[in-house]
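Hydrogens, waters and symmetry mates are skipped; everything else that's a heavy atom, side chains included, is used. Bear in mind the structure is a predicted one, so any value in this text is a computation, not a measurement. Letters A, B, ... mirror the listed sequences (proteins, then strands); counts begin at 1.
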Amino acid sequence: MQKFLQTRAVPVMVPMPADGPYSYAVPEGTAVEPGSIVRVPLGPRLVAGVVWDGEGGAVDPKKLRPIDHVFDCPVVPEEMRRFVDWVASYTLTPPGLVARMILRAPEAFDPEPWIEGLRKTANEPDRMTEARAKVLALADGGLTWTRSGLAHAAGVSSTVVEGLRAQGVLATEMIPPRPVVARPDPGFGKNLLSPDQRQAAAELCETVGNGGFAVTLIDGVTGSGKTEVYFEAVASAISAGKQVLILLPEIALTQAFLERFHDRFGARPAEWHSDLPPRMRERVWRQVAEGQVRVVAGARSALFLPFPELGLIVVDEEHDPAFKQEDRVFYNARDMVVVRARIGDFPVVLASATPSIETRVNADQGRYRRIVLPSRFANAALPDIRAIDLRRSAPARGSFLSPVLLEAIGSTIARGEQALLFLNRRGYAPLTLCRVCGHRFQCPSCSAWLVEHRFRGQLLCHHCGHHEARPEACPECGTFDHLVACGPGIERVAEETVALFPDARVIVLSSDMLGGVKRLRLELDAIAKGEADIVIGTQLVAKGHNFPNMTLVGVVDADLGLANGDPRAAERTFQLLSQVTGRAGRTGKKSIGLLQTFQPEHPVVRALVSGDAETFYQREIAERERGGLPPFGRLASIIVSAGTRGEAEEHARQLRRAAPQAADIAVLGPAEAPLALVAGRHRFRLLVHGERRSDMQGFLRAMLNAGPKPRRTVRVQVDVDPQSFL
DNA sequence: AGCACGCCGACT
DNA sequence: GTCGGCGTGCTC
C-alpha cells in the first residue's frame, strides 16, 4: 500500500466509453510517456490503451492497478491525441471510443518479426545439378532471399533450396520486414498537363510549399483531370519529406486509382479500408507509425492512422456521403480532415466535380480557396444531356424505357459503342401487392416495403436486411397468382432490355451481385475490353471506373431520390446524376445523356441539361438560408432512437421542450429523416440550428443536460453535420 | 464497448 | 433439476 501511494499514476485512455482517461500505476523501472501504447487490466480483461496527457485523475488508491506492459511501438503523436480530444468533444462522444479508432490493429503494437532469409556462402555443393545451378546463379548476386522467393524466382521446388541450405551452401540470415509498398518517387512519371491543369497545379503546389493550414477546393467537371492536379500537390508534399493521406469513398478506392498513382509515382500508395486482410492491416498501421509508408490511400478510417509526419490530406469526391460515419462515433471524415490539418498546421485539398453545398459556401465566403477546372481534359467532351419528358414520351404499357431512349440505345449499339442504363434501385420491383385484396408486403421489423429480388426468389428489406421467400399466394386473402410487382428495379430493366435487344451483350452491375468484389472486377474489365454492349447498373457505376467506349448514359428514373424528405435530396440527386452521366464521352466521341423524368422543369434536371451548375448551387444555398430547411453550416442533429416509435417520439418531444430556443429546432420524423428506420430501431432526428455560428456545441450540450436522461432503450446521440468550427 | 452477474422459460 | 435468454451495472 505504502509503495503504491508513492508510485506514479498516469492517465490512460482505454477503448471504452468512459468520460476521460483512467489512472494506472506505473510499475517500478517502467518508463512511459504521453502517447505510449500500453496494455492495462480493465475489469476482467487486458486491453490496449494510450497514455494520455496531464496528471492522472484522482482515484481511490485501492482501485489503482498497474500497467501490465508497455509495447515497443512508436508513440501516438501529440497531434493525434489532441485530435482525438477534439473529435470527442465536438461529436459529444466519450473520448475512449474515439481513441479506440486509432487502436484498431492490435497485433501492430509489437514490432514486426524479422524474416528468415538465405544467403550464399563460400561453400560449394557436393554435386551440381541444373536446378541447383539456377538457384546459385540468382544467389550469386550477394542478395539475401526468402526461401520461397528464391525457389520461385529460380523456377525450382523449395526442396532444392532446402538441400543447398542443409549442405551449408546457403546460410540463414535474418532480414528486416519488407515495406508494404515502395517509396513513391515524386519525379517518376510526370503527366502532361493541360494549361488549366498546369495553372491549378501551380497554385496548389504553392499552397503546399508554403506549408501551414489552408483548405483548397478543386472544383472541376467530371473528367477534367482533378486527380492529376492534386497528384502534383502530393508530389510536392513528398518532396518536402511529409507523409500524405488521400481519402476516398470506399467504393472509389479501386484498382484503377492505385494504378494511376503507380504510373505517376512509380509505386503504389498503401491501402487502408475495411476489406484489408488483418495481417496487411497490421503491417500498414505499423509502417505508417514508423514513417516508412509515405502515402496512404484510404477510406475514412484512415484518418485515425498514427502518422508522425503528416503534411497533406487530399479528400477526393469531397461531397460523398460515405465520408459520414453514422454509428458509434458520428463524424464526417471530410470535416474532421480539416480539423486534423488545423491541428497539424498543414494544407488540405478537397476535390469534387459536384462539391457539397457547405463546402461551396465555405469557398464563397473565403474560408476555403477555390480552384475551378472548367473543361474536360484533352479531346474528351462533356456529354450532351437532354431530358425525356415521360408525360409526352411514355414507355409502352408494362415497360420502363421510353421510345426515345430505346431508339438511342439501338443506334448506339449499332455503331458498336456502349450504352449505360442507370437506375438506383436494386432488385426487381420495389413494391409487391395483391391485386385481389390490396395487401402490400411490408417488413415486419421496420415497416418499409419489401423489395422483390426475382433472381433470388426472395422479398427483401433494404433497411434491415430482413428477407423471406416470395410466396405464391397472398398471405392476407390466400388468392394464388394475383401478386403484382409495382415499379422497376434494375433486374426488371435488365429483363426488358434483354427482351428488346436480344442480340446485345448485357451486363448487370449491382452491389448485391453474386460473386462479390472479384466478380465485379471481372465484369468491369470485360466492359473496358468492349465485351458488353449494354451495361445496366445501380449507384456503383457512378464511381471511378472509366468506360472508354461509353457514349450513351440513360437515367431510367431521374426523379428517384428527389421526393424523399431529406433536406439534401436535390443536392444528392444532382451529384449522383452528374457523376453517372459523366461516365460517357471519355474519348472524344460524341456522347449523350438522357434523363427520363416527369419533372423536366425541376431545378436538378434543368441544371444537368443546361450544364449550368452555378445557378443550381446559388439556388440551393439561398433555399437553405431562407429557412424552412435548416441553414447549412450551423446544422446539427440530435438523434433519438428507441425500440418503438412512441418512445423515440416522446423523448424527442421532451428534449425539444427542454431547449431554451425552441423556435430553432425542427423535429423530423421517421418519414423525413434520412435514416429514420434502421435495423428495427426507430429514430428521430432533431435538427438544431442557431443564428450565430458560434458555439453550436454549447447549445447541444445545454439541451442534452436540460433534457431528460435517456431511460430504458432510448438512446441519444449527436451528429454534427457541416462545420461550425472554422 | 465487453463482460459478469442475475433472475425467469424449455430441455438433457 | 440445469441451459440460456438478455436487462443492469461496472470497469482506474
Side-chain angles (χ1 to χ4, degrees), chain A residues 1-28 30-71 76 81 84-85 87-89 91-109 274 278 281 285 300-301 304 325-331 445 464 639-644 646-648 651 678-683 708-719:
Chain A
M1 180 59 64
Q2 196 62 24
K3 190 179 162 197
F4 256 43
L5 286 174
Q6 287 169 2
T7 318
R8 201 158 57 97
V10 291
V12 175
M13 201 66 92
V14 285
M16 60 120 198
D19 286 336
Y22 280 178
S23 293
Y24 283 87
V26 184
E28 207 72 43
T30 305
V32 293
E33 58 178 309
S36 296
I37 300 184
V38 292
R39 189 166 60 216
V40 290
L42 184 68
R45 63 212 162 102
L46 289 167
V47 298
V50 183
V51 177
W52 222 245
D53 306 79
E55 292 300 308
V59 223
D60 181 354
K62 284 197 288 290
K63 280 184 152 185
L64 201 63
R65 297 168 80 184
I67 288 172
D68 177 71
H69 176 68
V70 183
F71 288 101
V76 173
R81 303 196 302 273
V84 167
D85 283 335
V87 173
S89 134
T91 60
L92 300 189
T93 309
L97 281 191
V98 182
R100 201 174 76 111
M101 296 196 290
I102 56 177
L103 299 172
R104 282 258 172 90
E107 302 302 313
F109 309 149
S274 57
R281 204 178 175 75
W285 193 96
R300 59 173 188 251
S301 61
F304 292 90
Q325 173 150 80
E326 301 230 31
D327 60 70
R328 295 182 182 92
V329 184
F330 284 53
Y331 68 97
S445 45
C464 67
I639 294 162
V640 181
S641 66
T644 71
E647 282 166 346
H651 198 79
V678 177
R681 282 222 116 88
H682 293 251
R683 285 176 161 222
K709 292 285 160 278
R711 294 187 316 271
R712 277 172 309 173
T713 56
V714 178
R715 295 164 65 91
V716 178
Q717 279 176 304
V718 178
D719 164 30

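Contacts of residues 98-106 of chain A with DNA chain B (heavy atom under 4.0 Å): A:R100.
When heavy atoms are screened at a 4.0 angstrom cut-off, A:P41 is found touching the sugar-phosphate backbone but no base atom.
Between the CG atom of A:L42 and the P atom of C:dC10 there is a distance of 14 Å, given to the nearest Å. Taking atom CE of residue A:M16 and atom C1' of nucleotide C:dC10, one finds them 8 Å apart after rounding to whole Å. With rounding to whole Å, A:K62 atom NZ is found 14 Å from C:dC12 atom C1'. For the pair A:R65 CZ and C:dT11 P, the computed distance is 10 Å after rounding to whole Å. Separating the CE atom of A:M13 from the C1' atom of C:dC12 is a distance of 13 Å, rounded to the nearest angstrom. Summarising the geometry, the separation between CZ on A:R39 and P on C:dC12 is reported as 16 Å, rounded to the nearest angstrom. The separation between A:L46 atom CG and C:dC12 atom P is 11 Å, rounded to whole Å. Taking atom OH on A:Y22 and atom P on C:dT11, their separation rounds to 7 Å, with Å as the unit.
Under the 4.5 Å side-chain criterion, counting only non-hydrogen atoms from C-beta, A:Y331 is in contact with A:R300. The closest side-chain heavy-atom distance from A:P21 to A:V12 is not below 4.5 Å. Proximity of A:D68 to A:V38: side-chain heavy atoms (C-beta onward) are nowhere separated by under 4.5 Å.
Sorted by first then second residue, the salt bridge (charged side-chain N to carboxylate O under 4.0 Å, His left out) pairs that include residues 44-56 of chain A, not counting sequence neighbours, are A:D53-A:R81.
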Item checked: Intermediate values then yes/no, side-chain contact (heavy atoms from CB on, under 4.5 Å), A:W52 and A:V84 -> CA-CA 11 Å; A:W52 222 245; A:V84 167; 3.8 Å; yes
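Atom CZ of A:R65 and atom OH of A:Y22 lie 11.5 Å apart (nearest 0.5 Å).
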